[in-house]
Student: 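Mind having a look at this structure? Questions to follow.
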Amino acid sequence: MNPLQRVARNPTAYRWLVLNGHRIAERLEAVLRFASNGRLGVLDLLGIPNVQITTSGRKTGLARTATVQYVPAADGMLVVGSNWGRERHPSWSANLKACERVIIRRRGDRIVAKVRLLTGTEREEAWATALAHWPNFRIAQARAGGRRFRVFLLTPIDPGQTRVAREQASSAS
């Protein structure tokens with residue numbers, strides 16, 4: 001584990017980042033993605049599994065891309081709309097909620113996936129999986145007040161791509 005990974009996984013450092021550093025991280029993400037032609041971002045430097053998701057904007061219909069952390073799941077990947085623990089859901093989660101399919105990019109691979117917003121018991125099980133994988137989600141959830149994070153399951157349409165996503169996540173850990 002590199003020093004940046006240790007810092008990112010440290011609850012105290014993460015709490016500071018959520019409270020004070022998210023704007024810096026968001027700007028650095030944009031600069032790194034631009035400079036590397038989309039291949040490298042902040043989460044990559046931190047060793048956190050992430051993908052770029054592209055959806056149609058729910059209002060404009062224009063393509064919208066966001067970098068999101070993901071958690072490997074049995075039949076795809078989970079993404080959590082934590083939005084740094086802010087009171088509002090991230091805009092990408094509203095776009096995901098409004099669409100049926102998403103394009104996922106990870107290190108040159110392009111995957112088309114079905115999108116499903118999880119609810120009820122299924123959401124609770126996925127949330128427990130997300131917390132086991134990234135305990136710092138608790139810090140963001142506590143900061144979000146009453147907002148309940150949206151949890152989505154992204155399932156690759158080509159079943160062979162699920163294996164690729166899991167292998168990439170395990171190599172990133």
Side-chain angles (χ1 to χ4, degrees), residues 17-18 21-34 36-44 46 48-120 122-127 129-131 133-134 136-137 139-141 143-159 161-162 164-166 168-169 172:
L17 185 62
V18 163
H22 60 85
R23 286 187 185 93
I24 295 166
E26 289 168 348
R27 287 186 186 118
L28 184 57
E29 174 72 19
V31 169
L32 285 173
R33 290 285 173 193
F34 179 78
S36 69
N37 200 22
R39 291 185 309 268
L40 183 69
V42 172
L43 295 177
D44 295 305
L46 297 174
I48 297 171
N50 69 93
V51 292
Q52 288 184 291
I53 56 171
T54 302
T55 61
S56 294
R58 69 191 181 287
K59 294 180 182 177
T60 64
L62 298 174
R64 302 291 183 204
T65 300
T67 302
V68 297
Q69 178 179 352
Y70 76 90
V71 174
D75 51 351
M77 55 184 72
L78 301 171
V79 292
V80 176
S82 65
N83 201 22
W84 299 93
R86 295 178 184 144
E87 291 181 4
R88 297 177 51 163
H89 292 289
S91 57
W92 63 260
S93 77
N95 290 336
L96 269 186
K97 191 176 172 188
C99 72
E100 295 178 14
R101 295 187 181 192
V102 63
I103 296 171
I104 301 169
R105 285 191 180 85
R106 170 131 172 96
R107 295 191 178 153
D109 291 331
R110 182 180 178 272
I111 302 167
V112 178
K114 292 184 287 185
V115 176
R116 194 157 53 90
L117 176 63
L118 302 178
T119 58
E122 200 173 34
R123 188 233 181 248
E124 295 309 315
E125 290 171 2
W127 178 244
T129 300
L131 287 174
H133 185 73
W134 185 251
N136 287 335
F137 277 135
I139 295 167
Q141 182 65 76
R143 183 172 184 258
R147 180 173 71 86
R148 187 176 163 108
F149 293 167
R150 292 174 179 155
V151 180
F152 296 90
L153 176 63
L154 308 181
T155 308
I157 291 175
D158 175 2
Q161 295 297 327
T162 303
V164 170
R166 277 198 304 264
Q168 290 174 343

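All values reported here derive from a predicted model rather than from experimental measurement.
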Student: Ignoring hydrogens and geometry, is there a side-chain-to-backbone donor-acceptor pair from Arg147 to Ser82 under 3.5 Å?
Tutor: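 Side chain of Arg147 to backbone of Ser82: a pair is present.
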Student: For residues Thr129 and Pro72, report the shortest heavy-atom separation together with the two atoms involved.
Tutor: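 Shortest heavy-atom contact: CG2-O, 4.3 Å.
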Student: Does the pair Val115 and Leu154 meet the rule for a side chain to side chain contact (heavy atoms under 4.5 Å, CB included), with working shown?
Tutor: CA-CA 5 Å; Val115 176; Leu154 308 181; 3.9 Å; yes
Student: Would you check, one step at a time, whether the test side chain to side chain contact (heavy atoms under 4.5 Å, CB included) holds for Trp127 with Leu78?
Tutor: CA-CA 9 Å; Trp127 178 244; Leu78 301 171; over 6 Å; no
Student: CG/Leu96 to OG/Ser56 distance, rounded to the nearest 0.5 angstrom?
Tutor: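 Nearest 0.5 Å value for the CG-OG distance: 11.0 Å.
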Student: Could you pull out all residues at least two apart from Thr55 that satisfy side-chain hydrogen bond (donor to acceptor under 3.5 Å, both in side chains)?
Tutor: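 Scan of Thr55 (side-chain hydrogen bond (donor to acceptor under 3.5 Å, both in side chains), adjacent residues dropped) gives none.
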Student: Mind checking the CZ-CG spacing from Arg116 to Asp75? Nearest 0.5 Å is all I need.
Tutor: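 Answer rounded to 0.5 Å: 7.5 Å.
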Student: Please say which of Val79, Ile48, Asn136 ends up in a side chain to side chain contact (heavy atoms under 4.5 Å, CB included) with Gln69.
Tutor: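 Testing Gln69 for a side chain to side chain contact (heavy atoms under 4.5 Å, CB included) against Val79, Ile48, Asn136 leaves exactly one candidate, Ile48.
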Student: Is it true that a side-chain atom of Asn95 and a backbone atom of Arg58 form a donor plus acceptor pair closer than 3.5 Å?
Tutor: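 Looks like yes, one N/O pair under 3.5 Å.
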Student: Heavy-atom distance under 4.5 Å between the side chains of Val51 and Ile111, does that happen here?
Tutor: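 No - every pair of side-chain heavy atoms lies 4.5 Å or more apart.
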Student: With sequence neighbours left out, what residues match Thr54 under side-chain hydrogen bond (donor to acceptor under 3.5 Å, both in side chains)?
Tutor: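 Counting only residues at least two positions away or on another chain, Thr54 forms a side-chain hydrogen bond (donor to acceptor under 3.5 Å, both in side chains) with Thr65, Arg105.
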Student: Does Leu131 reach the side chain of Gln141, with side-chain heavy atoms less than 4.5 Å apart?
Tutor: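 Not touching, per the 4.5 Å side-chain cut-off.
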Student: Compare all side-chain heavy atoms of His133 with those of Pro49 and state whether any distance is below 4.5 angstrom.
Tutor: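 Yes - at least one pair of side-chain heavy atoms lies under 4.5 Å apart.
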Student: Can you find a pair of side-chain heavy atoms, one from Arg143 and one from Arg86, that are under 4.5 Å apart?
Tutor: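 With C-beta onward as the side chain, the pair touches.
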Student: What I'd like to find out is whether the side chain of Glu122 reaches to under 4.5 Å of the side chain of Leu153, using heavy atoms alone.
Tutor: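 A side-chain contact under 4.5 Å is absent here.
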Student: Which atoms form the tightest heavy-atom contact between Ala113 and Ile104, and what is the distance?
Tutor: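 For Ala113 and Ile104, the tightest heavy-atom pair comes out as CB-CD1, 3.6 Å.
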Student: Do His89 and Lys97 come within less than 4.5 Å of each other through their side chains, counting heavy atoms only?
Tutor: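 No; the side chains remain at least 4.5 Å from each other.
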Student: Any side-chain heavy atom of Asn50 sitting closer than 4.5 Å to one from Arg106?
Tutor: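 Side chain of Asn50 against side chain of Arg106, heavy atoms only: contact under 4.5 Å found.
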Student: Of all heavy-atom pairs between Arg150 and Ser93, which one has the smallest distance, and what is that distance?
Tutor: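 So the two residues come closest at NH1-OG, 3.0 Å.
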Student: For the residue pair Trp92 and Phe152, does the interplanar ring angle fall in the parallel (under 30°), tilted (30 to 60°) or perpendicular (over 60°) class?
Tutor: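 Geometry flag for Phe152 against Trp92: tilted rings.
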Student: I'd like to know if the side chain of Asn83 and the backbone of Arg88 have a donor-acceptor N/O pair within less than 3.5 Å.
Tutor: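 Checking the backbone N and O of Arg88 against the side chain of Asn83, a donor-acceptor pair under 3.5 Å is found.
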